[in-house]
2 protein chains.
Amino acid sequence: MYDAYFKYLRNFSPKPLTDDEKALIMKNFTPFRLRKRQYSLQAGDICKKFAFIVKGAMRMYTIDDKGIEHVVRLGIEDWWMGDRESFVNLSPSRYHIDALEHCDLLYLTLEGANELQEKVPAFCQMKSILDERNQMANHRRLTSSISSTAKMRYTEFVECYPELADRFPQHIIASYLGINKDTLSRVKRQHNLK
Amino acid sequence: MYDAYFKYLRNFSPKPLTDDEKALIMKNFTPFRLRKRQYSLQAGDICKKFAFIVKGAMRMYTIDDKGIEHVVRLGIEDWWMGDRESFVNLSPSRYHIDALEHCDLLYLTLEGANELQEKVPAFCQMKSILDERNQMANHRRLTSSISSTAKMRYTEFVECYPELADRFPQHIIASYLGINKDTLSRVKRQHNLK
DNA sequence: AAAGAGCGTAGACAAATGTCTACGAATGTT
DNA sequence: AACATTCGTAGACATTTGTCTACGCTCTTT
């Protein structure tokens, strides 16, 4: 389990981890197996653990007044999943997180994250790089959501995240893109004809 | 000019600045007066300076293939304005930034930012808090853009940023919200009737 | 005062997207 | 094998949003 994370860390810092660092990581990451359809977080609860996805597929979403689900984030292997706002501020989350496939996770608490950030440079490095990337990705998603049609948004999504496009069911992707599942179906049909 | 920024910093760190710190800030921030309709950044250029707005109102936007402007960010007193991706990566920006009113700015270069981050704890503190906040604000904006109608988006916007709502012309706000200016006009009309 | 630019509003129409219902294929469950 | 569930597709229709044109108001500039 932990090897997946050690390997992942090498993407951010080429320097090999010391044994002490590995021990710290193993101490602070708790392996967890989340079964399909099981919740990792329920809206109203505080997000006390951030998940590193070793294997599987997850989503984070809200449910609005009309009972409609809106997918806010998707994640598969090597992605992180959690409600950052709730995690950092210890505030109740507005989001649900659940598994769309059986998942192998490594759970990290806030204290764990803080300790690793202090004592494991590679982790700190990872965090700051991810923060930057995340910020840019969100920004791009926002721009495209504001200025593009449904068809363009879907095309961009497939180009940008091909792994996600065939991993998640279509209605989930539609929700992620902020469009109706029927609309997405239509868009794909018209797209194929050209 | 600098006093505005010193005062602003106190929101992030109560500890008063030392004279050395003040000197460092004054060394790295360049005052600049940007007149109405003047550009601070043109798409294609590298964003070499980040602006702290002492006074005035600015916007950042793209122009798409059809020549339509899409406002990505708005800013007034005590806000920052710049294309972070371009600024950090020294990559050409896709955005324009200009002034909607006469502006008094404090310009900061990347080197300046790095020096301040190293040597002025209050600045570093400010940056990390702003990063967090910015991330959350973007996330909220994204969620609302994906899951809300035009009317709801406008209502949320007014609640969240009343200062912006009456400071910027309506067609700019419409663009910021990702809706047509005519649609926003309609939405407001219907809103007032209820 | 005159002319022009910027801005908000309005209405008619077009296009995009949402809603609803139904169906069939694939999959999982018993 | 029988059954229920999930998922994608399709078409008819409603609603929302965009497009275009026109008008009037305000402000600036001349």
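Keep in mind that what you see is a predicted model, and the values were worked out from it rather than measured. Here is the naming used below: chain letters follow the sequence lines, and residue numbers restart at 1 for every chain.
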Start with the C-alpha gap between B/Y107 and B/S40, add the side-chain angles, then the distance that decides, and say whether side-chain hydrogen bond (donor to acceptor under 3.5 Å, both in side chains) holds.
-> CA-CA 10 Å; B/Y107 272 140; B/S40 172; 2.8 Å; yes
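Looking only at distances, a side-chain donor or acceptor of B/N28 sits under 3.5 Å from a matching main-chain atom of B/L24. In this structure a side-chain-to-backbone donor-acceptor pair under 3.5 Å is missing from A/S175 to A/H171. The closest donor-acceptor contact from the side chain of A/S93 to the backbone of A/G44 lies at 3.5 Å or more, if one exists at all. Although no hydrogens or angles enter the test, the distance criterion places no donor-acceptor pair under 3.5 Å between the side chain of A/N138 and the main chain of A/Q135.
Of the residues A/N89, A/N134, A/D131, the one that meets the side-chain hydrogen bond (donor to acceptor under 3.5 Å, both in side chains) test with A/R84 is A/D131.
Between A/Y5 and A/F123, the angle of the ring planes lies from 30° to 60°, which puts this pair in the tilted group. In this structure, B/H139 and A/Y95 have perpendicular ring planes: the angle between them is above 60°, well past the 30° mark.
Between A/F52 and A/F29, the distance separating the two ring centers is not shorter than 6.0 angstrom.
Taking side-chain N and O atoms only, A/Q190 has no distance below 4.0 Å to OP1 or OP2 of C/dA16. Neither OP1 nor OP2 of C/dG6 sits under 4.0 Å from any side-chain N or O of B/Q170. Under 4.0 angstrom from either OP1 or OP2 of C/dG8 there lies at least one side-chain N or O belonging to B/H171. Phosphate contact (OP1/OP2 of D/dG11, side-chain N/O of A/R189, threshold under 4.0 Å): present.
With rounding to whole Å, A/L184 atom CG is found 16 Å from C/dA16 atom P. What separates CG of B/D166 from C1' of C/dC7 is a distance of 16 Å, to the nearest Å. Separating the CD atom of A/E69 from the P atom of D/dC7 is a distance of 10 Å, rounded to the nearest angstrom.
Cation-pi contact between A/K22 and A/F6: present, with separation from the ring centre below 6.0 Å and deviation from the ring axis of at most 45°. Within the cation-pi definition used here (under 6.0 Å to the ring centroid, within 45° of the axis), B/R167 does not qualify as a partner of B/Y161.
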Sugar-phosphate means primed atoms, P, OP1 and OP2; the rest is base. With that split, encode nucleotides 25-30 of chain C 5' to 3' as B, S or - using protein heavy atoms under 4.0 Å.
-> ------
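Relative to the axis of its first five pairs, the axis of the last five pairs of the helix from C/dA1-D/dT30 to C/dT30-D/dA1 sits at 40°, rounded to 10 degrees.
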Polar-atom pairs under 3.5 Å, protein N or O versus N or O of nucleotides 12-17 of chain D: list them with distances, or write none.
unit_1: D/dT17; atom_1: OP1; unit_2: B/A150; atom_2: N; d: 3.0

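Side-chain proximity of B/D182 to D/dC7, D/dC20, D/dT9: nearest is D/dC20.
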